[in-house]
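Accompanying notes for the structure given below.
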Amino acid sequence: MSPDILPRNFYLGPVLQVARNLLGMRLVHYDQGERLAGIILETEAYDGQQDLACHARVGKTRRNEVMFGPAGHAYIYFTYGMHWCLNCVTGEEGYAAAVLIRSILPVEGIATIAKRRSKVERPEWCNGPAKLTHALGIDGQLNGVDLCDINSPLIIEKGDDIPDQWIQSLPRVGINSVPEPWRSKPWRLHANLPPDWEKT
DNA sequence: AGCACGATTAACT
DNA sequence: GTTAATCGTGCTC
């Protein structure tokens, strides 16, 4: 039993609301039997085919088909010839929306994460979408896995609530060629934890 | 078949 | 601030 796994209905709301509620939750990868985990600190919302920054803008393809499926699954894509990025599918089946996980605070499996990210200092271990997937050993083999399944190697558990006061809304990153209004939508959510925030 | 580019990162001037 | 790394994807020919 792992009653802390977020249920599917957590992912059913509007994608921006899910992106907000994911802040403070715990991303967990069971990597060859070891628990690697981090607290989610930054997310971005991508809202369906009309959102010209969303991979679903071109319609359903082999690459993005998971986004068109049921909520609570992982959409993991390959980019720039070398990086993997992790998303959580949201909303009703057939509506292609997802939340990109952009930053986590590592809390479990620190030794393994440190080894994988030894080229950079600790604050930069997991402060980017491709940094955290590399740190946690997440890649395309996990594309489509059910984040709500007790037996899944990749899950998200309930964490601590983060007050609105600690959260900034900012424009999304890396979409400079996308037309307005999509380019400037403040759909990147960043949590600033106080220095004395408890780790576990 | 060929092409331009990407929801990025790390290293370098 | 600038740029190389490195290849799948979607589009054009």
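We name chains A, B, ... by the order of the sequence lines, and we start the count at 1 in each one.
Near DNA chain C, meaning a heavy atom under 4.0 Å away, there are no residues from residues 84-98 of chain A.
Between the side chains of A:Lys60 and A:Asn64, no donor-acceptor pair of N or O atoms lies under 3.5 Å.
Across all strands, A:Arg117 comes closer than 4.0 Å only to sugar-phosphate atoms, never to a base (heavy-atom distances).
Between C:dT6 and B:dG2, the distance separating the two P atoms is 22 Å to the nearest Å.
Remark on DNA chain B: of its neighbouring residues A:Ile175 and A:Lys131, the 5'-side contact belongs to A:Ile175, judged by nearest-heavy-atom nucleotide.
Sequence neighbours left out, the pairs with a member in residues 81-107 of chain A that pass ring-ring contact (aromatic ring centres under 6.0 Å, His included) are A:Phe78-A:Trp84. A side chain to side chain donor-acceptor pair (under 3.5 Å) check over residues 142-152 of chain A, counting only residues at least two apart or in different chains, returns the pairs A:Arg8-A:Asp146.
In summary, A:Glu108 and A:Arg26 engage in a salt bridge, as defined by a charged side-chain N under 4.0 Å from a carboxylate O. A salt bridge does not link A:Glu44 to A:Lys185: none of the charged nitrogens lies less than 4.0 Å from a carboxylate oxygen. Salt-bridge formation is detected for the pair A:Arg188/A:Glu42: a Lys NZ or Arg NE/NH1/NH2 atom is positioned less than 4.0 Å from an Asp or Glu carboxylate oxygen.
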Base versus backbone protein contacts along nucleotides 1-13 of chain C [heavy-atom cut-off under 4.0 Å; B, S, -]: ----BBBSSSS--

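Residue A:Glu121 places its CD atom among 12 or fewer non-hydrogen atoms of other residues, nucleotides or ligands, all under 6.0 Å distant. Other residues, nucleotides and ligands contribute more than 12 heavy atoms inside 6.0 Å of the CD atom of A:Glu34.
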Test A:His55 against A:Tyr77 for ring pair (Phe, Tyr, Trp, His ring centres under 6.0 Å), laying out the working first. CA-CA 10 Å; A:His55 288 168; A:Tyr77 67 89; 4.5 Å; yes

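Take A:Asp51 and apply the side-chain hydrogen bond (donor to acceptor under 3.5 Å, both in side chains) test, not counting sequence neighbours, and it matches A:Arg172.
For the OP1/OP2 pair of B:dT9 and a distance below 4.0 Å, the side-chain nitrogens and oxygens of A:Lys119 include no atom meeting the criterion.
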Annotated structure of DNA chain C as dot-bracket, pair cut-off 3.5 Å, Watson-Crick or G-U only, | for inter-strand, is |||||.||||||.

